[in-house]
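Quick notes on the structure that follows.
Atoms within a ligand are numbered from 1 in the order they appear, just like the ligands themselves.
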Amino acid sequence: MLSQKTIERLNQQINLEIYSSHLYLQMSSWCAYKSLEGCATFLSQHADEEMAHMRRLLKYLQETGALAIMGGMQAPPTDFNSLTEMFEQIYEHEQLITGKINDLVHLASTESDYATLQFLQWYVAEQHQEEFLFKSILDKMKLIGTEGQGIFFIDREVANMAANRTQETTAMN
Ligand code: FEO
């Protein structure tokens, strides 16, 4: 049995995960528009992963007998000054999500809600991986540079990351 506050906060997280998915799908579309096919594929995949994060929360709420609520979605930004700016925004967004997960963990802990505390551990580990992933892309961008052919090589690197992700997913199924 979840507290009303926990139900509200888990529902807020559901909405944040859907927003993350919309954000990455929009960014994917921007990359495709700029002929950055590797980044477009990678971000489209990531949008799917965000929906999987949302579904995990949805299932948990349903299992506890609570009502999951799909709220109205804020529209994501549609234009970016550069690929670097876009990935910086993603990294900042993931840090915000980590903060929200940490707030949820804190709430579950103060309420001695051990089931929710355990459920949230997956998200704690996932956010660590997500921050690491996007930080590593930004580090590669700094290393390669975005001038001239740099952008082409960055797109190719990100395309490789998307292909590896597909292989990992296929191997798991
Ligand atoms: Fe659901 Fe990218 O965090």
Side-chain angles (χ1 to χ4, degrees), residues 2 6-32 36 38-64 66 68-78 80 83-109 115-141 154-155 157-169 172-173:
L2 301 176
T6 298
I7 292 171
E8 281 166 19
R9 298 297 301 279
L10 288 172
N11 268 317
Q12 283 172 12
Q13 196 62 36
I14 280 181
N15 280 270
L16 273 170
E17 301 293 347
I18 297 174
Y19 176 76
S20 301
S21 182
H22 284 191
L23 176 66
Y24 297 153
L25 208 52
Q26 182 65 65
M27 287 171 162
S28 166
S29 186
W30 183 83
C31 289
L36 297 164
C39 291
T41 303
F42 174 82
L43 287 165
S44 175
Q45 269 180 358
H46 216 79
D48 289 348
E49 287 185 25
E50 298 299 346
M51 288 307 271
H53 298 174
M54 182 279 288
R55 287 191 178 281
R56 195 179 269 259
L57 286 154
L58 187 79
K59 185 167 179 279
Y60 184 69
L61 274 174
Q62 287 170 351
E63 283 169 356
T64 59
I69 297 171
M70 308 294 113
M73 290 298 128
Q74 179 193 341
T78 55
F80 309 92
L83 192 66
T84 306
E85 181 193 278
M86 194 199 73
F87 273 107
E88 280 170 350
Q89 284 187 19
I90 296 177
Y91 186 47
E92 278 173 26
H93 180 71
E94 288 298 338
Q95 287 174 307
L96 180 137
I97 300 294
T98 300
K100 298 289 182 188
I101 294 294
N102 289 344
D103 289 347
L104 267 167
V105 169
H106 182 70
L107 176 65
S109 176
T116 302
L117 202 53
Q118 189 179 26
F119 166 73
L120 289 169
Q121 293 315 301
W122 184 89
Y123 287 88
V124 172
E126 180 68 9
Q127 281 313 120
H128 171 75
Q129 288 303 321
E130 299 248 302
E131 283 195 29
F132 171 67
L133 176 70
F134 289 111
K135 171 87 169 49
S136 73
I137 292 175
L138 280 171
D139 287 346
K140 277 196 178 80
M141 292 177 91
I154 288 163
D155 193 53
E157 278 289 319
V158 177
N160 287 338
M161 291 167 101
N164 289 342
R165 186 77 193 118
T166 303
Q167 276 177 1
E168 281 168 21
T169 310
M172 280 192 298
N173 293 333

N, O or S of Glu130 under 2.8 Å from atom 2 (Fe) of ligand 1:
yes
Atom of His53 closest to atom 1 (Fe) of ligand 1, considering N, O or S atoms
ND1
Taking Ser20 as the fixed residue, which of Glu94, His93, Glu49 is the one that meets the side-chain hydrogen bond (donor to acceptor under 3.5 Å, both in side chains) rule?
His93
Looking at Glu94, which of its N, O or S atoms is the nearest one to atom 2 (Fe) of ligand 1?
OE2
Would you indicate whether Gln118, at its atom CD, is surrounded by more than 12 heavy atoms from other residues, nucleotides or ligands within a distance under 6.0 Å?
no
Minimum heavy-atom separation for Ala159 to Gly38, with atom names?
CB-CA, 3.6 Å
Among the N/O/S atoms of Glu17, atom 1 (Fe) of ligand 1 lies closest to OE1
If I take every N, O or S atom of Glu50, is at least one of them less than 2.8 Å from atom 2 (Fe) of ligand 1?
yes
Shortest non-hydrogen contact from Val158 toward Cys39:
CG1-CA, 3.8 Å
Are side-chain heavy atoms of Ile154 and Lys140 found at a separation under 4.5 Å?
no
Any N/O/S atom from Glu126 (main chain or side chain) under 2.8 Å of atom 1 (Fe) of ligand 1?
no
